Amino acid sequence: MNDLTKDTPAPAPAPAGTPLVELTGVSKSYGNVRALREVSLEVHAGEITCVLGDNGAGKSTLIKIIAGLHPHDAGTYTIEGEQVRHTSPREALDRGIATVYQDLAVVPLMPVWRNFFLGSEPTKGRGPLRRLDVAAMRGTTHQALLRMGIDLRDVDQPIGTLSGGERQCVAIARAVHFGAKVLVLDEPTAALGVKQSGVVLKYVAAARDAGLGVVLITHNPHHAYLVGDRFILLKRGTMSGSHLKKDITLDELTREMAGGSELDELTHELMRRTTTAPPATDPENPA
Amino acid sequence: MNDLTKDTPAPAPAPAGTPLVELTGVSKSYGNVRALREVSLEVHAGEITCVLGDNGAGKSTLIKIIAGLHPHDAGTYTIEGEQVRHTSPREALDRGIATVYQDLAVVPLMPVWRNFFLGSEPTKGRGPLRRLDVAAMRGTTHQALLRMGIDLRDVDQPIGTLSGGERQCVAIARAVHFGAKVLVLDEPTAALGVKQSGVVLKYVAAARDAGLGVVLITHNPHHAYLVGDRFILLKRGTMSGSHLKKDITLDELTREMAGGSELDELTHELMRRTTTAPPATDPENPA
Amino acid sequence: SSTGGKRAEDRAKRAAKANSSAVNTPHWTFAMVTHSGAGDTFWDIVQSGAKQAADKDNIKFLYSNSDQANEQSQLVQAAIDQHVDGLVVTLAKPDAMKAVVLKAEKAGIPVITINSGSQESKEFGTLGHIGQDETIAGRAVGDELNKRGKKHALCVLHEQGNVGHEQRCAGAKATFSGKMDNLYVDGTNMPDVLSAIQAKLQADKSIDSVVTLGAPFAATAVKAADQAGSSAEVDTFDLNAQVASSLKAGTLGFAVDQQPYLQGYEAIDLLWLYRYNANTLGGGQPVLTGPQIVTKDDADALLAYTKRGTR
Amino acid sequence: MSPVDDERLAPRSVVRRLLARPELGSAVGAVAVFVFFSIVADSFLRASSLGTVLYASSTIGIMAVPVALLMIGGEFDLSAGVLVTSSALVSSMFSYQMTANVWVGVGVSLLVTLAIGAFNGILLVRTKLPSFIITLGTFLMLTGLNLGFTKLISGTVSTKSISDMEGFPTAQDLFASHWTIGSVDLQVTIAWWLGLVVVATWVLLRTRAGNWIFAAGGNADAARAVGVPVARTKIGLYMAVAFCAWISGQHLLFSFDVVQSGEGVGNEFLYIIAAVIGGCLMTGGYGSAIGSAVGAFIFGMTNKGIVYAQWNPDWFKFFLGAMLLLATLLNAWVRKRAEAAA
Amino acid sequence: MSPVDDERLAPRSVVRRLLARPELGSAVGAVAVFVFFSIVADSFLRASSLGTVLYASSTIGIMAVPVALLMIGGEFDLSAGVLVTSSALVSSMFSYQMTANVWVGVGVSLLVTLAIGAFNGILLVRTKLPSFIITLGTFLMLTGLNLGFTKLISGTVSTKSISDMEGFPTAQDLFASHWTIGSVDLQVTIAWWLGLVVVATWVLLRTRAGNWIFAAGGNADAARAVGVPVARTKIGLYMAVAFCAWISGQHLLFSFDVVQSGEGVGNEFLYIIAAVIGGCLMTGGYGSAIGSAVGAFIFGMTNKGIVYAQWNPDWFKFFLGAMLLLATLLNAWVRKRAEAAA
Ligand SMILES: Nc1ncnc2c1ncn2[C@@H]1O[C@H](COP(=O)(O)OP(=O)(O)OP(=O)(O)O)[C@@H](O)[C@H]1O
Ligand SMILES: Nc1ncnc2c1ncn2[C@@H]1O[C@H](COP(=O)(O)OP(=O)(O)OP(=O)(O)O)[C@@H](O)[C@H]1O
Ligand SMILES: [Mg+2]
Ligand SMILES: [Mg+2]
């Protein structure tokens, strides 16, 4: 129903240069665990900001702050120049920020189509007869998934019975459908097949072209380098680097993500043990 | 504590040529959903069998049958020549089959170290004084994770508060630690960072070198091609191909995984839209 | 010991109150521990009798109750811990209370038993027993039903496993010459009481009288009989305002009263008499407060008393 | 595309599909219980008996509907039973003490009852304690307040009669009337019950609120993350329980005229039992309003059927437990078979 | 490596660490209740009162221990209350009818009680119905059986006295003796209670079974997937409840000599309340045995404290509810503060 390249209304133009979302010196602790310290980030309309980092670096925590799931402890969070402090994800959603969480945030026992529209259900009729527009909801869900390469048997299946990748596609399709200004994706391609990963990257690029700001988290430097405009590197909760695309090569990026020299050693070790030739030089899927 | 390359006891030699695990014509339905039809697969000692396929193709279902989580509806399942029909994962574990599930199978509220040893807790003392060997459990857990590049603050943290990748590392480290004959891994590197992915592939190769049979599921053709010896391709619940490494190139494999020509089109489309140069020709991480 | 503070203030208050009450004996504390469930009409009237006596006798009156034997004995123990000056207990479950009653006596606390347990009371060496044996009350009902020519009666128990209820029904069954069925209903669920009695009357058309064990259930039984199209007469144990007016109106046959007010009042008064004057009553025999059969003829006189909650 | 065309789906008959639904799968147990008592109890099949059984079911069913919704939303309400009594006590005592038209009392009672429901809900979402402990607290407090206030105001443990007060007859028409059709006596509570089931089913399946209820019970964190107002949904559910408690309370008052302050204790479990027999999960996220009605009906039939069968009353509870267990087992078995059928 | 050295961790004081544990966080509420009643109730602080309060707590506490374990394992047992009575009835009636040494009756009772526990557990894992409905079924059936059998055998609702039978004194020593130390009367149940708490804590924290209990309640599917015998664990838990019910039942019998068949109904909730106040999650996977003891103690203190404080008994339940709610709130608040402290 909603193809980003044509349907999404262009976001209201922000004052020139004002980022859609800006975090400055943001910190966050869970109890006595300091997950984020003094992290800054900007998301501009028509740009893709990639957040990269090791496992446990604090990427998802950053995302959750942007999405309004957790309030930040320190620092400032501004949306289009206006300082905010979300107390619920609803507020972020209402400001046009749509998020795909790493743990997907689905309700396992509910049918796929109900999950797809959860929290933003379309209705028809009025007064006491106002009711869910069930036919539209089912149709949209099936179409949106089909476009991602998932041909569901039955949109009435509880989402808990879908495969991991299918579930992830539902979450992404939902965010893309509702994303108005900013699209936040936490490892969207983690469980996806080659084809689906390609579709997601295509969506991300399309969203950017349509003028949305995108935050993308990934562990795949190829994916990141392919679509990203800015790269924020996190390490053990602090920022260890922030680069524009033009300032960095894929090689350097990969090296930084893996923590430098350790990687070489590892590759070397693996090479020695495996009897295979080094992998073909084909570009990573789908690029 | 348990470095596969030296500690794991060599598996008892099976009769020459008998696969460790063999599935023949296995089918499985969930209610009226036919998830697998007539799938066959062999796992040999010292070999890595990769199961590849689109989202929802039935890979995890296959894994769950091998792991004893679901019984199969039709076909035969033999372990070292002996026909089995597991009614619980315990039986598979007792036969030396250790599994990493896609949904990880952890108990969120329990501390990391308890999760690590869940179901196979080491004890000390005897009679009524037989008790968990807590010190050893904590130590082993911390060491095993450190070797994967995860430096946990506190192994007493509930595992539910770990990041997605950290959790996945616990599950993998656990399977590697307990894997005796067959190691089954369902998308082990999905949520992992560049470094951790490398470590996991190293582990997989080490397990093979130590004479274990390995079943690896992945969506990353590079990973698969790097370590795999056999490739089973699933499509919509049926087998669409089975290849030995020598019979196929990475290119062909990637193409088959993505469903053939559709991929080219997609890549093309993405290329056109993004303004970036095609990605560098570096090999995928860490290869 | 001290000259100020809360205690002194209390003492002053007590003194003031003592002047206003009928007697000027010391301000003793008497406790009553019953086997009643919560919010039971019968025990409510017992309590108001006891309170009335306590006011007159310059007594501080403590009340506690539990329908679990274990819990009731703990409550008696709590009263002993508080060093009360006199104790009133019910012996619905005599064996459970034995140890703790003996303990109270050993601690020098005079004990009077009320309501049920006339036999055990003596055995436990209490000062006396005031009440009525539930079995005797039941027998009176059986006799009255015979007198009224009833052939098939239904005994409605609103608490399953309650000893007193079982004794009432068993007593009635013992003297009743017709057939008597038991029916258990859920006393805290009035619609259930209604539909259960209704169902029973529909199932067995030969039932010609319904006996409820508590006053509040009588009106419901009348309604049930009405809706089931049964002409069974409804009779009940105990009284309340509704029962009295129904008796007067003729919708109820009779009620068996055991004068709960008297049980409470007399128990406290006797304790007072004992402490003040070492009096006892009954000469080693239980003092009976019932059963008294109340019919249409007596209803009028009682209506006023039931309305103020003392009958 | 029709899903049945997919080669990955085995065809499945319409009957099996229907039986797999939580609403209908539970009906099999009800039919079995009905047939059973029709055989063993002579008087069970009479029209008048049906009226009695329906009345008994409706008094539980009215409350089972919101309790089922609440359970789908992932919470309990242990105060539901005494809240009914509180609601009746408030109308009765307010009308009597103020010598007001009973409708005024009824209105005040609605406000008070809804306020108590809101109190439960707000305390729950604020403190994040389990609903078991919160509503246990209100259960005990209401039990105490019912008794304490009634004694304070009326001097006894029950209220004064209000049957001679203004407005009583009209209120009785609404809450406690009955129609006699032939030999069947149908209480108005049956209409209330069916009405509530229809409304609740509509809300659950066809409104946004329904979607939110399922989500709040199925995975509250996920629901919150995608913008569902979980806290408001839960408060609303507690208020729905309160609303139905008000209806039940007014029925109690206007059909028995006098209210005993000690009533209602323990009834909360009957409501939960009805919901669970009807297929609601204790863990939330799954169930239906129709199921709760079927559960209440099974309970009502069994409870009264044993009386009609004239079995030895000493064993009453034993039969009740065994029959409920069997009916639920049958329900679950049918639903599982229907789902698993390839 | 010491975790405190990690730059990603804020330092945290020992007190805060202890308060964050489920065992100890709940103790704050207990201290508060104790202090409160010491001030408002003159006789509360007397040594003899302490004995009474401890005894009251122990009778709930003995059952709260296995019930807490069961809740950690993710299940309920609504039959726990009447099972205690059943257990007492079996020993009493068996000994009396067979004119056997009472120890024979006690032994038979143990077997029967364990069998009922195993029945609950097996039915649960076989049918996969929620434990609420299964144990509700056994609850009702046991209630019926208790009354039915007792009336069948004794002709009344209570058993015959067995105090003059062989073996009674020794059995009484074990299950219902008490020591008087100064003016404090300490019942043997207190020793049973503390013993059970110690054993249960050891099992939970230091044995494989304990690990399995947490896992079965925290995520049964995951536990099964990694090879935990979830079904056996749950059956074992039900048998642990049965074992403690046997202890409580024998205490009931040997301290009162005669058993009332209708007792025990409703007590199952007291056990659950104690466990929940002590920090057990209703959803399973979290809690402690010590917590259940603290919960039982809070409940016992409050329940008796109100009596000692001589407050108006009409409002008893109100005070009880309010105090329990406040104590639990305080517990939860302290634990949250302790955890959240950066
Ligand atoms: N419990 C279930 N009930 C019904 N259908 C199920 C269930 N589990 C899986 N399925 C269906 O079976 C199919 C195969 O699922 P499976 O999890 O094996 O896929 P997969 O190949 O592992 O996919 P992915 O790469 O996304 O993990 C999917 O279409 C899924 O919808
Ligand atoms: N609720 C929580 N309580 C305590 N610690 C937490 C909690 N959530 C996350 N953490 C910790 O905070 C750190 C950052 O977690 P986060 O999920 O943001 O990492 P991430 O960068 O997304 O990692 P991954 O790539 O593995 O998903 C981790 O070390 C984790 O253990
Ligand atoms: Mg993350
Ligand atoms: Mg999968």
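Since the model is a prediction, treat every value here as computed from it, not as a measurement. The chains referred to below are lettered A, B, ... by the order of the sequence lines, with proteins before strands, and numbering in each begins at 1.
- Contact annotation for D/Leu136: only side-chain heavy atoms (C-beta onward) come within less than 4.5 Å of a heavy atom of chain E.
- Aromatic pair D/Phe269/E/Phe269: ring centres closer than 6.0 Å.
- Looking at D/Leu324, only its side chain comes within 4.5 Å of chain E, counting heavy atoms on both sides.
- Taking each heavy atom of E/Pro130 and D/Val276 in turn, the nearest pair found is CG-CG1, 4.1 Å.
- Within the model, atoms CE of E/Met323 and CE of D/Met141 stand 12.0 Å from one another, a figure rounded to the nearest 0.5 Å.
- For the options E/Thr328, E/Asp314, E/Leu129, heavy-atom pairs under 4.5 Å to chain D are most numerous at E/Asp314.
- A heavy-atom distance below 4.5 Å is found between the side chains of E/Phe132 and D/Ile273.
- Proximity to chain D (any heavy atom under 4.5 Å) is shown, for E/Ile277, by both the backbone and the side chain.
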Audit row: E/Leu142, D/Lys317, side chain to side chain contact (heavy atoms under 4.5 Å, CB included) steps and yes/no: CA-CA 8 Å; E/Leu142 284 179; D/Lys317 289 274 172 83; over 6 Å; no

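- If you tally non-hydrogen atom pairs under 4.5 Å between each of D/Phe76, D/Trp333, D/Phe149 and chain E, the highest count goes to D/Phe149.
- In this structure, CG on E/Leu329 lies 5.5 Å from OG1 on D/Thr127, to the nearest 0.5 angstrom.
- The OG1 atom of E/Thr143 lies 9.5 Å from the CG atom of D/Leu320; values are rounded to the nearest 0.5 Å.
- Ranking D/Ile272, D/Leu326, D/Asn331, D/Leu78 against chain E, the residue ahead of the rest is D/Ile272, based on heavy-atom pairs under 4.5 Å.
- Contact tally against chain D (heavy-atom pairs below 4.5 Å) for E/Ile133, E/Leu123, E/Leu147: the top residue is E/Ile133.
- Separation of atoms CG (D/Leu152) and CH2 (E/Trp315) is listed at 5.5 Å; rounding is to 0.5 Å.
- For D/Leu145, the parts lying under 4.5 angstrom from a heavy atom of chain E are both the backbone and the side chain.
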